[in-house]
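Side chains are part of it too, since the values below use all heavy atoms of this structure and drop only hydrogens, waters and symmetry mates. Only a predicted model underlies this, so the values are computations on that prediction, with no experimental measurement involved. In each ligand, atom 1 is the first atom listed, and ligand 1 is the first ligand listed.
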Amino acid sequence: MAGRITLTMIKPGAVKNEHIGHILTMISEAGFRISAMKFAQLRRSQAEAFYKVHKDKTFFNALIEYMISGPLVAAILEKDNAVKDYRELIGATDPTKADNGTIRKLFAESVQKNAVHGSDSDTNAQIEANFFFSTSERFTEDGYILL
Ligand code: ADP
Ligand code: MG
């Protein structure tokens, strides 16, 4: 069964460009519930850990510089089929290939500065949610802490 959570980051460029509000509206209107959310400024070692699967890619160093260049917003989004549905809402990694109306089509500056992150599997969604949030920072619909 598909998991019910995914992890998003509104990346530093989209925060700087004042797109937080519009992106969160699109997330809400697509039927996701935000069960955890915060600003974070990643240290280099944290960004490297988050993106370690890409450490041998040519774009790795530039990606890390970008991700530590300012505050980002991290959030856990909840919905049936959260991973797949959120990847659809954000669109392709390269905004020139993203469908019209997707978050990346609307707000990405480039393939690197592509506005948002979305987990690529249920397993990674759990790992990434744990990377940013402790259990006491996650809330149910009734406002109870998710333990
Ligand atoms: P996604 O974020 O869509 O899952 P990847 O996991 O492949 O994409 O890549 C992680 C991030 O690395 C991308 O969101 C983007 O910021 C950056 N990136 C990916 N491919 C490139 C590229 N060819 N050039 C520059 N940056 C890239
Ligand atoms: Mg990815």
Side-chain angles (χ1 to χ4, degrees), residues 1-139 146:
M1 197 188 84
R4 275 186 53 81
I5 67 160
T6 190
L7 184 285
T8 190
M9 294 183 283
I10 301 176
K11 296 185 179 183
V15 171
K16 233 169 247 159
N17 293 331
E18 304 282 357
H19 295 317
I20 297 173
H22 200 146
I23 291 170
L24 291 178
T25 298
M26 288 179 72
I27 287 170
S28 275
E29 287 179 348
F32 293 89
R33 190 178 76 81
I34 299 170
S35 59
M37 185 164 69
K38 67 167 102 171
F39 269 110
Q41 167 98 46
L42 295 183
R43 293 170 188 278
R44 184 177 300 274
S45 57
Q46 292 174 306
E48 287 173 352
F50 189 92
Y51 280 115
K52 64 177 185 290
V53 296
H54 296 304
K55 67 177 171 10
D56 297 325
K57 305 265 173 61
T58 52
F59 61 78
F60 183 71
N61 288 336
L63 173 63
I64 298 307
E65 290 300 331
Y66 174 57
M67 293 305 296
I68 67 174
S69 68
L72 56 80
V73 172
I76 300 175
L77 309 180
E78 203 178 296
K79 181 185 188 297
D80 285 342
N81 299 309
V83 165
K84 181 172 163 289
D85 287 359
Y86 191 60
R87 297 284 307 193
E88 274 179 34
L89 180 66
I90 68 179
T93 308
D94 179 348
T96 64
K97 297 183 182 133
D99 289 341
N100 283 337
T102 58
I103 292 175
R104 282 169 165 169
K105 187 69 166 191
L106 287 165
F107 302 116
E109 300 162 75
S110 66
V111 62
Q112 178 195 89
K113 300 181 180 180
N114 60 358
V116 286
H117 169 80
S119 307
D120 64 4
S121 67
D122 291 337
T123 302
N124 284 336
Q126 295 292 341
I127 292 169
E128 292 171 2
N130 293 336
F131 178 94
F132 279 106
F133 298 101
S134 67
T135 49
S136 65
E137 294 175 306
R138 302 177 189 201
F139 297 88
L146 268 174

Reported CE-to-NE2 distance for the pair M67 and H117, which is rounded to 0.5 angstrom: 8.0 Å

Between NE2 of H19 and CE of M26, what distance do you get to the nearest 0.5 Å? 11.5 Å

Using a distance-only test with no angle check, is there a side-chain donor-acceptor pair under 3.5 angstrom linking T123 and S121? no

Distance-only check: which donor-acceptor pairs under 3.5 Å involve side-chain atoms of residues 48-55, not counting sequence neighbours?
residue: H54; atom: ND1; partner: K57; partner atom: NZ; Å: 2.7

Kindly compute the distance separating OG1 (T8) from CZ (F132), expressed to the nearest 0.5 Å. 9.5 Å

Which pairs of nitrogen or oxygen atoms, taken one from ligand 1 and one from the protein, are under 3.5 angstrom apart?
residue: ligand 1; atom: 2 (O); partner: R104; partner atom: NH2; Å: 3.0
residue: ligand 1; atom: 3 (O); partner: R87; partner atom: NH2; Å: 3.0
residue: ligand 1; atom: 3 (O); partner: T93; partner atom: OG1; Å: 2.5
residue: ligand 1; atom: 3 (O); partner: R104; partner atom: NH1; Å: 3.0
residue: ligand 1; atom: 3 (O); partner: R104; partner atom: NH2; Å: 3.4
residue: ligand 1; atom: 4 (O); partner: R87; partner atom: NH1; Å: 2.8
residue: ligand 1; atom: 4 (O); partner: R87; partner atom: NH2; Å: 3.2
residue: ligand 1; atom: 6 (O); partner: H54; partner atom: NE2; Å: 2.8
residue: ligand 1; atom: 8 (O); partner: T93; partner atom: OG1; Å: 3.3
residue: ligand 1; atom: 9 (O); partner: H54; partner atom: NE2; Å: 3.4
residue: ligand 1; atom: 14 (O); partner: K11; partner atom: NZ; Å: 2.9
residue: ligand 1; atom: 14 (O); partner: N114; partner atom: ND2; Å: 2.9
residue: ligand 1; atom: 16 (O); partner: K11; partner atom: NZ; Å: 3.0
residue: ligand 1; atom: 16 (O); partner: Q112; partner atom: O; Å: 2.8
residue: ligand 1; atom: 16 (O); partner: N114; partner atom: OD1; Å: 3.4

Supply the atom-to-atom distance I76 CD1 to I34 CD1, rounded to the nearest 0.5 angstrom. 11.0 Å

